[in-house]
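All remarks here apply to the structure that follows.
Lettering follows sequence order; numbering is per chain, from 1.
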Amino acid sequence: MTEHKEDTGEKKSLNFIEAMVEEDLRTGKDSGRVHTRFPPEPNGYLHIGHAKAICLDFGVAAKYGGKCNLRFDDTNPTKEDVEYVDSIKADINWLGFDWEDREYFASDYFGKLYDFATELIKKDLAYVDDQSSEEIASQKGTPTEAGTHSPFRNRTVEENLDLFQRMNTGEFPEGTRVLRAKIDMASPNMHMRDPVIYRILFHPHHRTGDTWKVYPMYDFAHGQSDFFEGVTHSLCTLEFEVHRPLYDWLVEHLMSDDYRPRQTEFNRLNLSYTVLSKRVLLDLVKEGHVKGWDDPRMPTLTGLRRRGYTPESIRNFNDSIGYTKVMAQNDVGLLEFAVREDLNKKAPRVMAVLNPLKLIITNYPEDRTEEMETINNPEDESMGSRTVPFSREIYIEKEDFMEDPPRKFFRLGPGREVRLKSAYIIKCEDYKKGEDGEIMEVYCTYDEATRSGGPEANRKVKGTLHWVSAPHAIEAEIRLYDRLFSDPEPAGHKDKSPVDFLNRDSLKVITGYVEPSLESAKSLDQFQFQRLGYFNVDPDTTPEKLVFNRTVTLRDNWSKRN
RNA sequence: UGACCCGUGGUGUAACUGGCAACACAUCUGAUUUUGGUUCAGAAGAGUCCAGGUUCGAGCCCUGGCGGGUCAACCA
């Protein structure tokens, strides 16, 4: 029962949430309905950690023929803004999920929630407390010591009703009164010690304006919202585990029928070399360590998109790390693997030289240009082919030539032969050195018979180099990104801030040469620069200047060994 | 010195009602390759936190430890 057959015929085991859903389905819970929700607070940008939740919420619904709502958890007007609801929607769509017409806001339920709070008061299960937050906190006790009762705990129902109503008219200043659920100040669960469920806030709400002066707390809004929407499986991260008794308590005391939404917690995403705390991310932006929320080094979805990550790669990544209750440390390497795997199938191959070294083919006519046919993607024949111009003077990578190469260097060196991708085999005859010892130019001869498709095209040489014709090349700005942090766990140090572990070399901007076919490349188009990595066109690109971002390098067994 | 959750190769996951610990990434070979990419073949790597118990048999069940995490916001 906890295994099923995929379309491929391969067995894939279920995660504990899927197993639970299948069990619910089997026992006929909620008449076989599966309904989830993704409940972001519109107070910031979505990041890869949210993507994990999105994939689960929408994924489980889709897998079992259910529905997933998008619900903005907007119960704190001081932190929220429409700007964020728009970006959140765009990011979810980009990831490939659709909530159809089920777009909800917790603020849609303010009226109902207020009525429920009134009900609670009438049942003598809630009271208005006139104390400050400090006083309330001091009475809360500690995890090992019971709390003490508020002096206002035994107000009459009438007085509570009157006060709560007046709290909402703006009669009392912020912070002077709250509504608390009357549960158990001695509960071992701190969340059950008469939790605050309503507070006074004068800040206008991004949707309800200043209709309300009291706003429900998360705990008072979430379970009820789930209930109103018919959510069956309310999936959230592990730190809400201790909230579950309160979630259940509220639902139990307020709802009349049999249906109950059920909260289940799974592990949050932790990624090595990255930070997913909203606060730290905000600091990175504010302190200028990155250029904005969409900086390609950011783990935000907007940043990852700009970096060249595909929605498929992010979904596959999430699929591969799974959902459990274990505090996990995921390796960014797995995310990088996921993009490479996806882009390998999709990205057209092109040639670009990032660190140019001029190479002159001395026996090639000066006035000659040939159009060399080359395949766009060896992984996908349907992507066809194109031509690249070849001429006497080309650029190769500086790293592809060595004056005194080591034994297993399959590239160019004095007297060595190498193939130029889609062109000729050339032989290095000479080279010019600058005063500082740097190689300035390399001189080669070519063998006409070895032209791709020619009579000796199949002659084997040790290496194949990418290149770009010097007179035809287009200059482009290339932004080489690396991990933002140099420490595997930047947020894991007690006395140090993640900022202390910023990788100084997380961005290197260089000017490179790309093949002329790239002239028409559009913003966010993705390519494989052969032998270098995957790159995409940055939105900063203008008709005058192409800008590329390096998404990720290719897997590289050579430099790893050296 | 509380409540709750968790503990399987380097990392992440798997192992149906107990039955030879599997997969992916990473690592290392070798083959193929006009990308030192891809692909293919293979290797190494844990005996499941510890100690007891139940059982013919325990990663799965029980007990007790140990270790990690969460919780004391008028945040979500």
Minimal non-hydrogen separation, A/R419 against A/A457, with atom names: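 Nearest heavy atoms, A/R419 then A/A457: NH2-O, 2.9 Å.
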Lys/Arg-Asp/Glu bridge criterion (N-O < 4.0 Å) met for A/E456, A/R451: no
Neighbour count >12 (heavy atoms, 6.0 Å) for atom CZ, A/R386: yes
A/E381 atom CD, over 12 foreign heavy atoms within 6.0 Å: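 At most 12 heavy atoms, drawn from other residues, nucleotides or ligands, come within 6.0 Å of this atom.
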Could you list all N or O pairs between the protein and nucleotides 5-11 of chain B that sit under 3.5 Å apart?
residue, atom, partner, partner atom, Å
B/rU11, O3', A/Q329, O, 3.1
B/rU11, O2', A/Q329, O, 2.9

Between [N] and [M], how far is it from one [atom1] atom to the other, in whole Å?
N	M	atom1	answer
B/rG57	B/rA21	C1'	15 Å
B/rC28	B/rG45	C1'	11 Å
B/rU48	B/rG9	C1'	10 Å
B/rC60	B/rA76	P	41 Å
B/rC75	B/rG37	C1'	47 Å
B/rU34	B/rA24	P	28 Å
B/rC50	B/rG12	C1'	24 Å
B/rG18	B/rC56	P	15 Å

Give the stems involving RNA chain B, where a stem is 3 or more consecutive Watson-Crick or G-U wobble pairs (i with j, i+1 with j-1, and so on) under 3.5 Å. B:2-7 with B:66-71, B:10-13 with B:22-25, B:27-31 with B:39-43, B:49-53 with B:61-65
Base, sugar-phosphate, or nothing for [X], non-hydrogen atoms under 4.0 angstrom?
X	answer
A/H243	base
A/V196	sugar-phosphate
A/Y198	nothing
A/H191	sugar-phosphate
A/M217	sugar-phosphate
A/A338	nothing
A/E134	nothing

Looking only at side-chain N and O atoms, does [X] come under 4.0 Å of OP1 or OP2 in [N]?
X	N	answer
A/R268	B/rU70	no
A/N267	B/rU13	yes
A/R199	B/rA76	yes

Side chain of A/A137 - closest among B/rU70, B/rU13, B/rA73: B/rA73
Counting heavy atoms from C-beta on, name the nucleotide in B/rA76, B/rU70, B/rC74 closest to the side chain of A/V242. B/rU70
For the base of B/rU13, is there a side-chain donor-acceptor partner from A/T324 under 3.5 Å away?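 Not at all, since no donor on one side and acceptor on the other fall under 3.5 Å apart.
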Residue from A/F105, A/Y215, A/F220 passing ring pair (Phe, Tyr, Trp, His ring centres under 6.0 Å) with A/F110: A/Y215
Given A/Y218, which partner from the list A/Y198, A/F240, A/Y247 fulfils the ring pair (Phe, Tyr, Trp, His ring centres under 6.0 Å) test? A/F240
Which atoms of nucleotides 29-33 of chain B (N or O only) lie under 3.5 Å from a protein N or O atom, and what are those distances?
none

What is the distance, to the nearest angstrom, from the [atom1] atom on [X] to the [atom2] atom on [N]?
X	N	atom1	atom2	answer
A/E336	B/rA26	CD	P	10 Å
A/Y247	B/rA76	OH	C1'	15 Å
A/L420	B/rU35	CG	C1'	13 Å
A/L334	B/rG12	CG	P	11 Å
A/F16	B/rG12	CZ	P	16 Å
A/Y218	B/rA76	OH	C1'	7 Å
A/E399	B/rG36	CD	C1'	14 Å
A/L246	B/rA72	CG	P	13 Å

When you check the glycosidic angle of B/rG47, does it come out syn, meaning within 90° of 0, or anti?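 Syn conformation here, the glycosidic angle of B/rG47 being no more than 90° from 0.
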Nucleic acid contacts - residues 139-151 of chain A versus RNA chain B, non-hydrogen atoms under 4.0 Å: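 Nucleic-acid contacts, sorted: A/K140, A/G141, A/T142, A/P143, A/T144.
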Can you work out whether A/F337 or A/R411 has the more 5'-proximal nearest nucleotide on RNA chain B?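 This one resolves to A/F337.
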When the nearest nucleotide of RNA chain B is assigned to A/R419 and to A/N15 on a heavy-atom basis, which residue is associated with the more 5' position?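 Nearest-nucleotide comparison on RNA chain B picks A/N15.
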Qualifying side-chain hydrogen bond (donor to acceptor under 3.5 Å, both in side chains) pairs with a residue from residues 182-191 of chain A, counting only residues at least two apart or across chains: A/D124-A/K182
Apply the test salt bridge (Lys or Arg N to Asp or Glu O under 4.0 Å) to residues A/R71 and A/D226: give CA-CA distance (whole Å), side-chain angles for both, the deciding distance (0.1 Å), then the verdict. CA-CA 9 Å; A/R71 180 171 73 235; A/D226 285 342; 2.7 Å; yes
Mind checking whether A/Y84 and A/Y45 have parallel, tilted or perpendicular rings, split at 30° and 60°?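 Ring orientation, 0 to 90° scale: perpendicular.
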Pairs under 3.5 Å (N/O, protein and nucleotides 37-42 of chain B):
residue, atom, partner, partner atom, Å
B/rG37, OP1, A/N557, ND2, 2.6
B/rG37, N2, A/E379, OE2, 2.9
B/rU38, OP1, A/R555, NH1, 3.4
B/rU38, OP2, A/R555, NH1, 2.9
B/rU38, O2', A/N344, ND2, 3.4
B/rU38, O2', A/E379, OE1, 3.0
B/rU38, O2', A/E379, OE2, 3.0

Establish, yes or no, whether a centroid distance under 6.0 Å links the rings of A/Y273 and A/F485. no
